[in-house]
Amino acid sequence: MADDDGDRPPEASKLTRTKQRWAQEGRLLTDRTARSEFDRLPPGQHLVRDWPVLDLGEQPEIALDTWRLTIDGAIEHPEILYWQTFQSLPQSAKTSDIHCVTSWSRYDNGWTGVATRDILDRVMPKAQARFVLLRSHDGYTTNITLDDFASPHAILAHSWAGEPLTRAHGGPLRLVVPHLYFWKSAKWLKRIEFLTRDAPGFWEVNGYHNRADPWLQQRYSDD
Ligand SMILES: Nc1nc2c(c(=O)[nH]1)N[C@H]1C(S)=C(S)[C@@H](COP(=O)(O)O)O[C@H]1N2
Ligand SMILES: [Mo]
């Protein structure tokens with residue numbers, strides 16, 4: 001028998017490796033054109049064309065020259081980023097739908113900023129890191145798992161539709177985690193803390209679900 005009749009796998013081409021990665025990430029499964037409009041709207045949601053503003057009521061104004069982003073906790077490389085440094089990080093553009101727990105959804109929001117995966121590559125979470133707590137300039141907090149933070153669709157966004165995020169929508173910088181209800185997407189982001197134990201945020205201790213998956217209608221906490 002010749003060697004090439006054996007079951008040695010063929011040398012993976014670059015394209016093959018890319019496609020394997022896509023399969024692992026479920027890429028294209030969420031491709032918008034592959035879903036019907038019906039499948040695209042999570043249960044109990046309705047579509048809006050405007051973009052409502054929702055927050056605790058205080059909309060802090062943060063000048064870019066005093067803006068800082070602290071990244072700390074269970075990571076190898078804690079740091080405080082200045083605006084200029086943040087802008088020098090690899091920039092990504094992502095388009096995603098917003099699903100607010102108050103039942104409005106808004107399609108095709110074009111975000112620009114730094115992918116959370118590029119932040120993770122930079123700060124290197126320790127093996128024990130499992131959760132992320134987001135803190136904002138208005139005192140708001142929200143928590144997500146490290147896995148949710150690492151979603152390939154998640155982004156630290158400074159722009160929307162090609163323009164800087166307005167103050168009302170969380171500028172200079174907000175998180176966008178589109179696969180969870182929008183309250184997980186902290187506006188006016190100030191600090192990203194990596195934790196070994198979960199630490200529920202503002203809405204999570206006020207009756208809302210800890211995970212917040214709109215497709216599973218995880219709106220409210222069980223108790
Ligand atoms: N810092 C901060 N982030 C926040 C909030 C907030 O009150 N403060 N509200 C959350 C909620 S409940 C929603 S629905 C979205 C609303 O974002 P938008 O005003 O840009 O639509 O922001 C989320 N992020
Ligand atoms: Mo919300």
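For the numbers below, each heavy atom of this structure counts, side chains included, while hydrogens, waters and symmetry mates do not. Counting convention: from 1, in listed order, for ligands and their atoms alike. This chain uses plain numbering: 1 for the first residue, then up along the sequence.
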request  = Kindly state whether the ring of Y82 and the ring of W67 have centres lying under 6.0 angstrom apart.
outcome  =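 No, the ring of Y82 stays outside the 6.0 Å limit from the ring of W67, centre to centre.
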Less than 4.0 Å between a side-chain N and a carboxylate O, is that true for [Y] and [X]?
X: E193; Y: R135; result: yes
X: D108; Y: R40; result: yes
X: K184; Y: E204; result: yes

task = Examine L165 and V114 and state if one hydrophobic cluster contains both, with Ile, Leu, Val, Met, Phe, Trp and Tyr joined whenever side-chain heavy atoms are less than 4.5 Å apart.
result = no
request  = Under the side chain to side chain donor-acceptor pair (under 3.5 Å) rule, collect the residues that match up with T145, sequence neighbours excluded.
outcome  = D148
ask   = Using a threshold of 4.0 angstrom between heavy atoms of the protein and any atom of ligand 1, which residues qualify?
value =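 Those residues closer than 4.0 Å to ligand 1 by some heavy atom are W51, P52, V53, L54, D55, L56, C100, W104, S136, D138, Y140, H169, R174, F182, W183, S185, A186, K187, W188, W203.
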